[in-house]
There are 2 protein chains.
Amino acid sequence: MSKFDLKPIQKNKTSKELVYDELKSAILHGTIPKDELITEISLSKSFDVSRTPVRESLAELTKEGLLEHEQRKGFKVRHISENEKEQIIYLRKSMEKEGVRKLAPIITEEQIQELDDILSEQEDAAQNDDRLRNIELDQMFHKTILEFAEQNMFKKIFIDLHNLTRVIGHEALMKPGRMEEVIKEHRAILEGLQEQDEHIAMDKLDYHLSNTETVVKNIK
Amino acid sequence: MSKFDLKPIQKNKTSKELVYDELKSAILHGTIPKDELITEISLSKSFDVSRTPVRESLAELTKEGLLEHEQRKGFKVRHISENEKEQIIYLRKSMEKEGVRKLAPIITEEQIQELDDILSEQEDAAQNDDRLRNIELDQMFHKTILEFAEQNMFKKIFIDLHNLTRVIGHEALMKPGRMEEVIKEHRAILEGLQEQDEHIAMDKLDYHLSNTETVVKNIK
DNA sequence: TCTATGTATGATGTATACATCACACACTAT
DNA sequence: ATAGTGTGTGATGTATACATCATACATAGA
């Protein structure tokens, strides 16, 4: 079992957590067909729970921007416009550059090691052509930087933004060859941090996210 | 009745909307004592509704960051740390500067007029020493710019961030004299927009938010 | 006295019944 | 045939009963 499990093993999940986790996972993995209508009742039947926990999960995912609701119709996976994609990348650049700027001068050996470990795992995933895992580890890498930089408000917003782009689907986000590029770009950022040079780190981050933007925007 | 009503008159509010609106308003107006414990049951008694709509309102406000929850204890108005205050202002600067940068070259006469109207109302409010209304109009001014700039994702995040700072209380945010300053600073931003000079608009915005930051951070 | 355990209490989690309401579809009167 | 009306259906809104679970406090045994 990997050191970096995104979902901590959670025994005795509540029904709501179960529905929330499964549904979110389905959305992020692109399992749910675009335009498919979801209702409280349909889900409560699928999961064999009452409407209450389903209702709460739907509300939460809607608030996160992963679902959209149409009165008396139901819920759908949210569509992300080009304009929104631009705003997402802009915000990520803004927050994450500030993150590395803060972190570079004070990063510890341990923290460098942990980031390095994530990249190693990412290489494993790339070897196995595991796009899904690669995206999860991509999120983990960026998230961890913000965590080390003690920018937890940024971190929270980042996760939501990253998830929003994931709606697009992992096949599209991690096309052949992109996985390896991402890892290289991550390594470059990490090197900047390791040398405690915030300018390099920020530049490399900017470059990485510009590439991400290109990928994201080339998906209709 | 003013042209700029933040809450559109909403007849036939659902119970949830009623609880949500009232509770949110109480939080933003600083009516709820710090450290006061709120529970589903206590609120459902206060509002004479069942726990269900109360529960949903609490969940939503927690997700927005206005409340925090302690297992088996209850909900409290969220405390905002210094670090978080910095992140809030940083993000606002980042988003709003990008907003005026986008808007300046394409702003219309009508839009300038609408922003001007907001500032007039703000002057009225200042005359009447109405701090509460002033803060609402402050939010309205910034929000409208992002709306005109068609940066709706920024707008959504901005509103949450602005609300977060409001938890601090309107007396503190709009100390004597600050209301007039805010209006002047807003006018300066508007002038930059009017001249379609994005650099001036961005500078004035930066200045305004730096002052805001000083105010916010001088509150313990 | 100290520790362990029982138990009451308060809080949240969940199921379920019923209310409401928008919409689609059928039917009727013109 | 068409406009207007009735009605079923599906979806959400709300109340409420019951389950679960953490905690504090009391109490009994060592």
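A note on names: the letters A, B, ... follow the listed sequences, proteins ahead of strands, and every chain is numbered from 1.
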Q: Specify the residue among B/S50 and A/K73 whose closest nucleotide of DNA chain D lies further upstream toward the 5′ end.
A: A/K73
Q: Describe the nucleic acid contact of A/Q71 in one word from base, sugar-phosphate, nothing, applying a heavy-atom distance below 4.0 Å.
A: nothing
Q. Is A/T39 touching bases, backbone alone, or none of the nucleic acid, heavy atoms closer than 4.0 Å?
A. sugar-phosphate
Q) To the side chain of B/R55, which of D/dT12, D/dT14, C/dG13 is closest? A) C/dG13
Q: Check whether any side-chain N or O of B/E213 sits under 3.5 Å from a backbone N or O of B/I89 as a donor-acceptor pair, and report yes or no.
A: no
Q: Would you confirm whether A/R131, through its side chain, and A/M174, through its main-chain N or O, come within 3.5 Å as a donor-acceptor pair?
A: yes
Q) Yes or no on side chain to side chain contact (heavy atoms under 4.5 Å, CB included) for A/R133 and A/E121, after CA distance, side-chain angles and deciding distance? A) CA-CA 9 Å; A/R133 178 100 183 115; A/E121 289 239 14; 3.1 Å; yes
Separation of [N] [atom2] from [X] [atom1] (nearest whole Å):
X	N	atom1	atom2	answer
A/R72	C/dC21	CZ	C1'	4 Å
B/K45	C/dG10	NZ	P	9 Å
A/E40	C/dT14	CD	P	15 Å
A/E17	C/dT12	CD	C1'	12 Å
B/K16	C/dT20	NZ	P	20 Å
A/L37	C/dC23	CG	C1'	14 Å
A/L43	D/dG10	CG	P	17 Å
A/E56	D/dG13	CD	P	13 Å

Q.
For C/dG13 and A/S15 - does any side-chain N or O of the residue sit under 4.0 Å from the phosphate oxygens OP1/OP2?
A. no
Q. Will you find, in the side chains of B/Y20 and B/K16, an N or O donor that is under 3.5 Å from an N or O acceptor?
A. no
Q | Heavy-atom neighbours of B/N218 CG exceed 12 at 6.0 Å | A | yes
Q.
Return whichever of A/R51 or B/I38 has its heavy-atom-nearest nucleotide of DNA chain C closer to the 5' end.
A. B/I38
